[in-house]
Undergrad: 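Submitted below is the structure of interest, expressed as structure tokens.
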Amino acid sequence: MQQSKGYVIVFTLILTVVCGGLLAGVAEGLKPTIKSEEKLDKRYQVMSAVLGQTKVNEIASNEGKARVGEMFDESISGFVVGVNGETIEEGVKAAESVNPRSTFKAKKDKDKKYPVFEYKEGGKVTAYVLPLYGLGLWDEIWGYVALAPDMKTIKGITFGHKGETPGLGARITDADVQARFVGKKLYEGAAVVEVQKGEGSNYDGKPLQVDGLSGASMTMNGVNNMIQAYFKNYEPFFNKKS
Amino acid sequence: MSTETLEQEKVAQIAEPAEPLFSAKRKRYVTDPLDDDNPVTVQVLGICSALAVTSQMAPTMVMAIAVTVVVVFSNVIISLLRNLIPSSIRIIAQLGIVATIVAVVDLVLKAYMFDVSKSLSVFVGLIITNCIVMGRLEAFAMGNKPWDSALDGLGSGLGYSWVILAIAFFRELFGSGKLFGFTIIPESAYTAGYENFGIMVTPVGAFMVVGIIIWLQRTRNGYVEEH
């Protein structure tokens with residue numbers, strides 16, 4: 001049947017208000033849970049960079065994911081550095097609250113914040129964890145790299161991605177792929193560690209070369225660019241430290 | 001393309017008031033889409049997500065449940081509103097309701113199954129454009145009572161689910177030697193020279209599996225494309 005124009009308009013209005021109201025209510029109601037999940041996920045990634053994904057997954061499946069969050073509280077401290085490597089904010093809370101995406105998009109130097117997490121074992125800092133953020137083939141990619149106290153040797157690395165191809169670029173989240181970076185040097189002079197083309201070559205004894213992923217060259221270009229860019233971002237800080 | 005076939009589809013007769021809850025006809029609403037009228041293999045709808053999310057069993061399972069929930073609820077809601085929705089704006093009204101339900105599902109996954117929602121990423125949002133959902137609303141819920149629509153939605157959801165789970169089974173088993181993340185193919189097979197089929201983890205592998213399923217099913221049922 002054909003309804004009048006007035007009916008159509010009123011129906012549309014009511015539908016919009018009901019759907020919009022419902023959505024806003026659910027989003028508002030679930031917001032605290034989602035926020036805490038996102039925070040825990042970040043901590044999970046930082047801990048994975050230090051201890052390795054396999055070990056952290058094991059802890060999470062044995063003692064619950066919340067335990068990983070507690071471990072973060074127990075062992076991680078942090079601060080935030082600015083573009084010139086100077087400390088601009090103290091405390092792990094400040095470091096946690098920095099969103100690498102906003103820094104990536106920031107135009108002004110004062111908006112660029114680079115968090116540094118320190119992993120302490122027995123009161124001594126045994127690893128520094130830095131975030132990474134960049135663009136893969138299809139969408140954003142990110143990660144955390146854990147460096148030994150010499151600020152050069154990679155102790156561990158984790159990657160995440162939003163939409164890389166499953167089975168190809170998405171393999172950057174696999175533990176065995178991330179393990180390929182362990183023991184490499186983040187940089188040597190001006191040269192930065194780089195994932196090579198092709199897969200299956202042996203790069204032992206070549207601290208700046210990492211075995212690549214076949215079929216995922218574009219994603220790996222993104223990873224290389226991301227690491228290069230973040231090395232540049234933190235370079236003033238590295239220079240200050242050493 | 002796919003919507004044309006749906007429009008031609010005969011809309012079932014409105015049920016008698018005294019009909020039992022699970023009459024033979026109503027059972028067929030659930031069982032038909034499982035086989036003879038399967039949304040994926042016969043109607044060839046929802047192929048995009050069937051290819052995209054099926055590389056592993058676990059996210060596929062969640063996707064199957066999410067689609068089933070969305071199609072049942074949207075079918076019921078549209079069926080309740082079927083006499084109120086103005087025909088001139090029915091498609092956008094359906095879309096609005098589906099989009100709301102999907103957004104709620106997405107939020108719930110984010111809050112209570114964060115890791116799963118991370119691995120499904122954009123595909124949850126894409127349920128909105130899954131032709132199965134819109135197809136059932138337009139072809140069935142707009143002309144039938146809520147209970148029939150719920151059963152019809154359940155049937156289509158389950159029909160979609162078993163196909164994508166079957167695809168995921170073969171893709172994960174042959175693509176990475178695992179099922180639900182647990183290693184199935186033993187290390188000894190790999191040392192003996194067995195290798196994972198790399199093609200299975202790509203969407204191309206899904207195309208091949210869905211093709212084989214369609215072939216087997218049509219051979220068994222003697223289904224022939226009408227010209």
Side-chain angles (χ1 to χ4, degrees), chain A residues 1-12 14-42 44-45 57 60-61 65 138-140 160-171 173-174 176 199 213-216, chain B residues 51-56 59-60 77-78 81 83-90 92-123 125-126 168 171-172 175-176 181 196-206:
Chain A
M1 74 189 139
Q2 193 66 42
Q3 286 89 351
S4 71
K5 285 209 172 68
Y7 179 82
V8 172
I9 290 170
V10 171
F11 181 86
T12 317
I14 294 173
L15 186 68
T16 312
V17 170
V18 171
C19 287
L22 180 73
L23 212 48
V26 173
E28 202 51 46
L30 293 176
K31 208 173 179 181
T33 325
I34 294 176
K35 279 250 183 267
S36 73
E37 281 292 324
E38 281 171 354
K39 193 174 163 193
L40 183 58
D41 189 63
K42 204 171 187 179
Y44 202 91
Q45 290 178 49
N57 285 345
S61 59
K65 213 177 165 182
W138 303 115
D139 213 321
E140 53 181 19
H161 69 95
K162 194 168 175 190
E164 298 309 301
T165 318
L168 301 173
R171 281 175 60 208
T173 56
D174 290 356
D176 64 314
E199 187 162 6
L213 296 181
S214 72
Chain B
L51 304 180
V53 298
T54 50
S55 63
Q56 284 157 0
T60 309
I77 293 172
I78 291 292
L81 296 174
N83 295 326
L84 295 173
I85 298 175
S87 53
S88 52
I89 58 157
R90 64 180 198 286
I92 194 72
Q94 292 164 6
L95 199 57
I97 290 166
V98 174
T100 308
I101 298 172
V102 169
V104 169
V105 168
D106 193 26
L107 285 169
V108 169
L109 285 180
K110 268 203 188 111
Y112 299 108
M113 300 173 89
F114 191 81
D115 294 327
V116 174
S117 98
K118 240 174 45 177
S119 70
L120 285 174
S121 64
V122 297
F123 295 110
L126 287 177
R171 284 184 73 187
E172 192 175 359
S176 26
N196 287 328
F197 296 86
I199 202 165
M200 276 302 179
V201 286
T202 69
V204 180

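In what follows, chains are A, B, ... by sequence order, proteins preceding strands, each numbered from 1. Just so you know, these numbers use all the heavy atoms, side chains as well, and skip hydrogens, waters and symmetry mates.
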Undergrad: Without swapping roles, check the side chain of A/E199 against the backbone of A/S214 for a donor-acceptor pair under 3.5 Å.
TA: yes
Undergrad: B/Y112 side chain to A/T33 main-chain N or O, any donor-acceptor pair under 3.5 Å?
TA: no
Undergrad: Starting at CZ of A/R171, measure out to CD of A/E164 and round the result to the nearest 0.5 Å.
TA: 13.5 Å
Undergrad: Give, as side chain, backbone, both or neither, the part of B/I85 having an atom under 4.5 angstrom from any heavy atom of chain A.
TA: both
Undergrad: Measure B/L107 against the heavy atoms of chain A and call it side chain, backbone, both or neither at under 4.5 Å.
TA: both
Undergrad: How far does CG of B/D115 sit from CG of A/D41, to the nearest 0.5 angstrom?
TA: 6.5 Å
Undergrad: Heavy atoms under 4.5 Å from chain B: which residues of residues 24-32 of chain A carry them?
TA: A/V26, A/A27, A/L30
Undergrad: Using side chain to side chain contact (heavy atoms under 4.5 Å, CB included) as the criterion, list what pairs up with B/L95, not counting sequence neighbours.
TA: B/I92, B/I128, B/M134
Undergrad: With a 4.5 angstrom heavy-atom cut-off, is it the side chain or the backbone of B/V53 that approaches chain A, or both, or neither?
TA: neither
Undergrad: Quick one: list whatever passes salt bridge (Lys or Arg N to Asp or Glu O under 4.0 Å) with A/D174, sequence neighbours left out.
TA: none
Undergrad: Can you name the side chain to side chain contact (heavy atoms under 4.5 Å, CB included) partners of B/A168, sequence neighbours left out?
TA: B/T54, B/M57, B/T60
